[in-house]
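Structure record follows, encoded as structure tokens.
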Amino acid sequence: MHYLMLLARATEERLEILSRQGHVNGGVYRSLGQEGAAVGTAYALRASTDGTGDVMTYLIRDTGAIFTHGGEPIDYLRHYLARETSLSGGRETGVHFTDFPRGLVGPISHLGTMVEVMAGITWAFRLKGEGRVGMAYLGDGGSSTGEFHEGLNFAAVQECPMVMVLEANGYAFSTPTDKQTRVKRLADKAVGYGIPGEQVDGNDVVACYEAAARAVARARAGEGASLLEVVTFRRRGHAQHDAQDYVPPEQLAYWEARDPIDRFRDRLLGEGWATPEELLELERRAHLESEEAAEQALAEPLPEGSTAVDHIYTDIDLPHPWTRFRNPDPHAL
Amino acid sequence: MHYLMLLARATEERLEILSRQGHVNGGVYRSLGQEGAAVGTAYALRASTDGTGDVMTYLIRDTGAIFTHGGEPIDYLRHYLARETSLSGGRETGVHFTDFPRGLVGPISHLGTMVEVMAGITWAFRLKGEGRVGMAYLGDGGSSTGEFHEGLNFAAVQECPMVMVLEANGYAFSTPTDKQTRVKRLADKAVGYGIPGEQVDGNDVVACYEAAARAVARARAGEGASLLEVVTFRRRGHAQHDAQDYVPPEQLAYWEARDPIDRFRDRLLGEGWATPEELLELERRAHLESEEAAEQALAEPLPEGSTAVDHIYTDIDLPHPWTRFRNPDPHAL
Amino acid sequence: MSTHHARTKGRPGHVTKTERGEPVGFLDAIAEGLFEEMERDERVVLLGEDVGVYGGAFKLTSGFQGYFGPGRVFDTPISESGFTGAAAGAAHMGLRPVVEMQFMDFISSAYSVVTNYLATSLWRGAGPMPVVIRGPVGAGGRSGAFHAQSVEMAFFHTPGLKIVYPSTPRDAKGLVKAAIRDDNPVIFEEHKLLYRNPKLREVLPREDYDIPIGKARTVRAGSDLTIVSYGRMVHLCTDAAERLDVEDGLDVEILDLRTLLPLDVDAIAESLQRTNRLLVVHEDTRTGGIAGEISMRVNERAFEWLDAPIARVTAIDSPIPYASTLEDYFLPQVEDVITAARYLAAY
Amino acid sequence: MSTHHARTKGRPGHVTKTERGEPVGFLDAIAEGLFEEMERDERVVLLGEDVGVYGGAFKLTSGFQGYFGPGRVFDTPISESGFTGAAAGAAHMGLRPVVEMQFMDFISSAYSVVTNYLATSLWRGAGPMPVVIRGPVGAGGRSGAFHAQSVEMAFFHTPGLKIVYPSTPRDAKGLVKAAIRDDNPVIFEEHKLLYRNPKLREVLPREDYDIPIGKARTVRAGSDLTIVSYGRMVHLCTDAAERLDVEDGLDVEILDLRTLLPLDVDAIAESLQRTNRLLVVHEDTRTGGIAGEISMRVNERAFEWLDAPIARVTAIDSPIPYASTLEDYFLPQVEDVITAARYLAAY
Ligand SMILES: Cc1ncc(C[n+]2csc(CCOP(=O)(O)OP(=O)(O)O)c2C)c(N)n1
Ligand SMILES: Cc1ncc(C[n+]2csc(CCOP(=O)(O)OP(=O)(O)O)c2C)c(N)n1
Ligand SMILES: [Mg+2]
Ligand SMILES: [Mg+2]
């Protein structure tokens, strides 16, 4: 888990550098300070590479979850860099990539939608009796959407093997959580769906793992959906252009002192589970892996423009714009 | 309150007769058995005829609430009968009529939408410091919509003076409540919004009034939104064409024995608040009032067909279909 | 599937009419198509409000739950967005869901998930999206602004979707089967005034058949004028054409689009080449209706063949009114089609 | 209003440029219009995600909350349907809400309430509905399929709505004021690539003005060909027209629709009567784009004046791709306009 957190942080740092160098056209989002929540919860799932394992759908701040569930820095960077080799062929932005063999379901931007989709995925698991589990991530802000309500209610009523992770990270863009909801604990939102809700220290990667493992076990045992709130903090702005002046410095300092990676490092050392040298080596490896991925992705081409007409339907070819034909004539359409 | 319940039942019975006689084109919905919940809750509001009182938005099974808040059988029947004199000029169906002077806001069919609208109405009350309160009705089924979630969450966060009444009447069309939600008490849905939730016997009109009065008082005192669940039962099919074979006869019998009108009559008599003669007289009056309203509405004309192009914009006149001009020519459009 | 439920009941009667050689109405034809596909392919599942125990507001799926079990046919909460999104998720996992909207008007609550998620799945690299969203549409039944909408133009502008709108039992059955077999999301519109119209009943082929999505049908061949229409209006146009034949000696060709997206421009152009006059008739409101796209396509493909302007007969730009007088004025009537045809013929 | 908050801060700098005689860009022009209307009429309130403290994702309303107070400018939960419906409710009670969609792509979540509730309010007898829904639209900025959509055609087919889509600071300011003063719901689209485009900066009138909704503007008079366009594409068309003038001696007239609904057919017909050739250019995708309705209207009103088919240049029928190579291919380019104009001129 420590390596996965380091890898998430290193890869995002690498992404930021690439962005500053002008290689990334779209928005760049950081999960700084939330790596423990992402890695710990995802660690409770069964990964696979053949499409038979558990499934997750993640959002912009779940880099750690993606890597934990088998996604690789190269997938992540190719996607941000819009490479032809990316899992969407450069068509989709940021982390919006899907890799069914690994059980990774990429989101669309519209928050809440993926809760509905994951309800359906896990409903299919239940129908087929496959014993698989699905996990969906969403922010404090995202849980204000009607889609969250309809999706989680569906999963609850249908007793779908689904774990809903709500990431309470203080803000939705600039909006503090108390402007999103009047509840003090997002875990309380479980009550309205008649499912268990638990709150956990999101910067304690082990606690996150343990709480998620309980919810996953429940789901796998046929006991239906549950909700897990991970309490953490977004230590960077919403995206790279957001200086987050609206966040009081004390709040930032408070959470910096509780960095999930630092905390786990201290624990590993304190319990004698690892030596400082081993941890340094992990850090070095994480940087190396993300650096190599960046180099590889950078070397790969962008997609060919004229392929923009492809992949709209499984069975219909769309025309190229008539103005780009050799003999431009709309009759040819 | 007794009269209002009687009036609701009598008017709906009259409507059914009109429907059987072929006077009603659209669907006809009954609130049989739910009159106590509708009247009792609405009784807690301040009615007005000049647009300064409290506001409510109701649904198909809230005839009693409409009458309690100042709506009249003639408005109700004109609307069902699509008369030119109806509050929408015959354009809208069933109970979809709005009467702002009386504080009646008619719904659209899409369940949940009115929760959002009422959140905004009461938000405006708060902003203007008017001390007015708004009440919105919705069924157990309607509370599965994303609109319910977004609307109530808005009202909760913005501390709007709003009372959300959830009518737990056993079914949403043919779907029993346990297929809508996994919660056993709809009142528990309040928890996820951080607002008070209360459950009340919906067939006890006085209890409904008292519970609603508490919620209204809280709203008026600036303490924000709350949720009130009225537990009742829909004793007729969803609409007149639904024989409700899916409802077990024992369930029907159970609730018939707990009819809100019968219960209140017994109480009025038992407490010595009224004599049997007085109650019979009320019943006679209710029938008379609804009968007179029916007669009046029946005598009124349908709207003129060609007015179908009106009332789309406040400031733009739409063309009539060119094929109906004396010299049919699309150039004239 | 491991949860394959024991069949508690036999085949419902309304889906075995073809087997029994009986003529089939519009609603039953759709039910037959749906039922046969569910028998043929256990990945097909059915969800929506009241589709299970009750069999749907129009009883189209009556008896399906008893036959296929509550795993494959089930009642959802009132959550059009939620269960449509769930259908998408189930499709990701290999199922082929058919979603019923109790009235298609309520698909508006699922507008985001349909246009942003389902329609883009293949393109986003998330694979095929074999989901059919079907339900009743259409005005004329005095059901007002929210139980009678046409929804085609809400989705016509969304690449990735297909939109099907049949007008006869034969087409409805073949197209619902094609829609279920399609790997793209399909919006399937069923005019509720056709459901139990006795005039439409017809004996259907006993063998399995489908009707290809994307192909129009020539309802009536003619040489003087082409009318392009779809849904209930096809029958109105047929009535008009018969009167125009008798009263004016006009020989009208009628094309039933059947599929709105993708649009069968080839069929329209081919017809126009012979008739040189085009009238589009749709029940949907005027501004932004499909007549526009047809007009643009004809300009691109067949402008030189036009001897008269393209004309249209449509509903008024208004929500659908409830009062009979207003609704009749709002909707296209046979007289409107006749008037427009005469105008074009005389042009 | 009793909750009129003490003004904690002065006027934000970006809304006082006209007062100071400085040229104003597209974003600031909208901000000025909004600000002036809020000063003029205390019933105008502003709500949306992050519009308050932060001033909106594009900082358009920066400083508004400090000036007008958190009662009139406030941050909502992430609930596009919820806060749009709430705006409707507030409008019923006499307010005139302006709703910001952080990106207009997210209005899809409010599709039902906009089309079913807001658009029908007057018609249902629930009175006027003075709500403006505004926000950034438009591709070209590498922001992908969900932060760059054009939303006009999602609403163009809904009677009761108006749709405004300006292309210059002057129009944007005048139209946002007109939209706020309008008693009908208005969808107001702002192309994000125009927001800070320095070339668009212009000095605006000091006096209060509005631009009437429903009227197109002649950007460039010409006699050989009419190009109808709107939004960012207007500038692309201007570039093309200049090249066509120099390279081909073609005299191109450009109409900027400014309002899409209601469509200014009079202006199009009037222009066509002189040029006899029509090209429609829109950034939105092709099938079901506004070119269709324009084509149909021209058939109805001005068919005899056409000396060539109506042609269109549009984006490809696809979600908006992220990679620069794909997005450039997806979008109409100056070359496309030039090619299409030459085709029509030579027809
Ligand atoms: C339906 C919808 N509305 C608006 C947005 C724009 N948006 C993107 S991220 C974001 C804030 C999300 O906050 P939260 O859910 O708390 O997640 P966090 O960024 O804190 O991880 C917003 C408003 C969106 N993506 N989807
Ligand atoms: C969004 C939406 N979906 C579907 C419908 C169709 N519909 C009308 S009433 C109804 C059942 C409502 O049940 P409930 O909310 O419990 O109210 P009740 O009829 O029991 O009073 C349904 C499904 C609708 N009106 N709105
Ligand atoms: Mg957050
Ligand atoms: Mg109910």
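Since the model is a prediction, treat every value here as computed from it, not as a measurement. Residue numbers begin at 1 in each chain, while the letters A, B, ... track the order of the sequences.
Only the backbone of Glu304(B) comes within less than 4.5 Å of a heavy atom in chain C; its side chain stays farther off. Neither the backbone nor the side chain of His149(B) comes within contact range of chain C; no heavy atoms are under 4.5 Å apart. Proximity to chain B is absent for every atom of Leu344(C), based on heavy atoms less than 4.5 angstrom apart. Interface residue Ile320(C): only backbone heavy atoms are found under 4.5 Å from chain B. Heavy atoms of His311(B) lying under 4.5 Å from chain C are absent altogether. Heavy-atom distances place the side chain of Ile316(C), and not its backbone, under 4.5 Å from chain B. Heavy atoms of Pro332(C) lying under 4.5 Å from chain B belong exclusively to its backbone. In this structure, the portions of Ile108(B) lying under 4.5 Å from any heavy atom of chain C include both its backbone and its side chain. The part of Gln102(C) that comes within reach of chain B is its side chain, from C-beta onward, which places non-hydrogen atoms under 4.5 angstrom from that chain. When heavy atoms are compared at a cutoff of 4.5 Å, Ala315(C) does not approach chain B at all.
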Leu302(B)/Ser324(C) under side chain to side chain contact (heavy atoms under 4.5 Å, CB included): CA gap, chis, key distance, verdict
CA-CA 8 Å; Leu302(B) 293 175; Ser324(C) 53; 3.6 Å; yes
Carefully, step by step, assess Phe103(C) and Ser109(B) under the rule side chain to side chain contact (heavy atoms under 4.5 Å, CB included).
CA-CA 11 Å; Phe103(C) 289 85; Ser109(B) 296; over 6 Å; no
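The minimum heavy-atom distance linking Asp50(C) with Ser174(B) is given by the pair OD1-OG, 2.7 Å. Thr325(C) and Pro303(B) make their closest contact through OG1-O, 2.7 Å (heavy atoms, listed as atom of the first residue, atom of the second, distance). The nearest pair of heavy atoms linking Trp322(B) to Arg312(C) is NE1-O, 3.0 Å. Nearest heavy-atom pair across Leu326(C) and Ala308(B) is CD2-N, 3.8 Å. Across all non-hydrogen atoms, the minimal contact from Gly144(C) to Thr93(B) is CA-CG2, 3.7 Å. When all heavy atoms of Gly142(B) and Ile78(C) are compared, the pair lying nearest together is N-CD1, 4.1 Å.
Between atom CG of residue Asp245(B) and atom OH of residue Tyr54(C) there is a gap of 8.0 Å, rounded to the nearest 0.5 Å. A distance of 14.5 Å separates NZ of Lys179(B) from CD of Glu49(C), quoted to the nearest 0.5 Å. Interatomic distance, OG1 of Thr323(B) versus CD of Glu335(C), reported as 9.5 Å (0.5 Å rounding). For the atom pair Thr339(C) OG1 and Asn327(B) CG, the distance stands at 11.5 Å (nearest 0.5 Å).
At a cut-off of 3.5 Å, with distance as the only test, a side-chain donor of Asp329(B) or Tyr343(C) sits close to an acceptor on the other residue. A side-chain N or O of Ser108(C) and one of His110(B) form a donor-acceptor pair less than 3.5 Å apart. Counted by atom type alone, Tyr329(C) and His320(B) present one or more donor-acceptor pairs between their side chains at under 3.5 Å.
Interface summary for chain C: among Gly139(B), Gly305(B), Ser86(B), the most heavy-atom pairs under 4.5 angstrom belong to Gly305(B). Between chain B and the residues Thr76(C), Ile338(C), Asp317(C), Val337(C), the largest count of heavy-atom pairs under 4.5 Å involves Asp317(C). Of all the listed residues (Leu111(B), Asp242(B), Thr181(B)), the one sharing the greatest number of non-hydrogen pairs under 4.5 Å with chain C is Asp242(B). Your options are Ala57(C), Ser81(C), Ala323(C), Ser318(C), and the one with the most heavy-atom pairs under 4.5 Å with chain B is Ala323(C). With chain C as partner, the option from Pro328(B), Ala82(B), Gly146(B), Ser144(B) having the largest number of non-hydrogen pairs under 4.5 angstrom is Ser144(B). Per-residue counts of heavy-atom pairs under 4.5 Å with chain B were compared for Asp328(C), Val313(C), Asp105(C); the largest is that of Asp105(C).
Here the side chain of Asp336(C) pairs no donor or acceptor atom with the backbone of Arg324(B) at under 3.5 angstrom. At least one donor-acceptor pair closer than 3.5 Å links the side chain of Tyr322(C) to the backbone N or O of Gly26(B).
Phe146(C) is listed as a side-chain neighbour of Glu92(B), based on a closest heavy-atom distance under 4.5 Å.
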